[in-house]
Amino acid sequence: MSAAHDQPTVVEQEQARQALQLLRDVDPAGETLDVTVAGTSESVHFPRAAIDLIREVLANMAAGQGVTVVPAYAELTTQQAAQMLNVSRPHVIKLLDEGRIEYRMVGRHRRILASSLLAYQRTQLGSSRAAADELAALTEELGLY
């Protein structure tokens, strides 16, 4: 199941910001969080993992970022992977050939597990943060900040 959205509207960003504020400090005592549906007496039971994902979706929407939800077991084409990484398809193929992202061959076509692509993204994000932290420390050390 995949739901892709372009950038949220200003109204959607504000709604996401408000919802995130309400959920930010919620820490379910158990493994679920009960949410009452407006206008009804019905309650929905959300598992803790779902609340964490909802918070992440809301945070991205509040920041004006579009969100795509993809199951970890979904297999992506090289074009889909390129779109998710915001890079060219040839660059994705280069990453696959270098062994930086796991994939499998289906006939002559490469298929990438969404979980493998996300693992690569997390690694890249960690490297980027470490480099930014190092640059900030160096700038401060040199008195340039």
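In this text the structure is predicted, and so the values were computed from the model without any measurement. Nothing fancy with the numbering, it's 1 onward along the sequence.
Counting only residues at least two apart or in different chains, salt bridge (Lys or Arg N to Asp or Glu O under 4.0 Å) contacts with residues 109-122 comprise Asp97-Arg110. Among pairs with a residue in residues 79-94, those fulfilling side-chain hydrogen bond (donor to acceptor under 3.5 Å, both in side chains) read Thr77-Gln80, Thr78-Arg89, at least two apart in sequence or across chains.
A distance of 10.5 Å separates OG1 of Thr139 from CD of Glu134, quoted to the nearest 0.5 Å. Asn60 CG to Glu56 CD: the interatomic distance, rounded to the nearest 0.5 Å, is 6.0 Å. Separation of atoms CD1 (Ile54) and CG (Leu23) is listed at 7.0 Å; rounding is to 0.5 Å. Put simply, CE on Met61 and CD on Gln65 are 11.5 Å apart, with the number rounded to the nearest 0.5 Å.
If you chain together hydrophobic residues whose side chains sit under 4.5 Å apart, Val87 and Leu118 never meet in one group. When the side chains of ILVMFWY residues are joined at heavy-atom separations under 4.5 Å, either directly or via intervening members, Ile93 and Tyr120 end up in two distinct hydrophobic clusters. Note: the hydrophobic cluster containing Tyr103 also contains Leu95 (ILVMFWY, side chain heavy atoms under 4.5 Å, direct or indirect links).
A 4.5 Å side-chain heavy-atom check between Asp52 and Arg48 finds at least one atom pair inside the cut-off. Considering only heavy atoms from C-beta on, Met84 comes within 4.5 Å of Leu117 through its side chain. For the pair Leu85/Ile101, a side-chain contact is recorded, criterion being any heavy-atom separation below 4.5 Å from C-beta on. Within the 4.5 Å cutoff, the side chain of Leu22 has no heavy atoms near those of the Leu20 side chain. Side-chain contact between Val44 and Asp34 is absent, with no heavy-atom pair separated by less than 4.5 Å.
Heavy atoms of other residues, nucleotides or ligands lying less than 6.0 angstrom from CD of Gln121 number more than 12.
Pro8 and Gly66 get closest at one heavy-atom pair: CD-N, 3.9 Å. The minimum heavy-atom distance between Leu58 and Ala19, with the atom names listed, is CD1-CB, 3.8 Å. Residue Ala16 comes nearest to Ala62 through the heavy atom pair CB-N, 3.8 Å, listed as atom of the first residue, atom of the second, then distance.
Using a distance-only test at 3.5 Å, with no hydrogens or angles considered, no donor-acceptor pair links the side chain of Glu140 to the main chain of Ala137.
Considering Glu14, Gln15, Gln13 in turn, Gln15 is the only one that fulfils the side chain to side chain contact (heavy atoms under 4.5 Å, CB included) rule with Val11.
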Under the criterion side chain to side chain contact (heavy atoms under 4.5 Å, CB included), I'd like the reasoning laid out for Val70 against Thr68: C-alpha separation, chi angles, the key distance, then a yes or no. CA-CA 6 Å; Val70 180; Thr68 301; 3.6 Å; yes
Between Val92 and Ile112, is a side chain to side chain contact (heavy atoms under 4.5 Å, CB included) present by the stated rule, with each step listed? CA-CA 10 Å; Val92 168; Ile112 306 157; 4.0 Å; yes
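For Glu75, the salt bridge (Lys or Arg N to Asp or Glu O under 4.0 Å) criterion is met by Arg104, not counting sequence neighbours.
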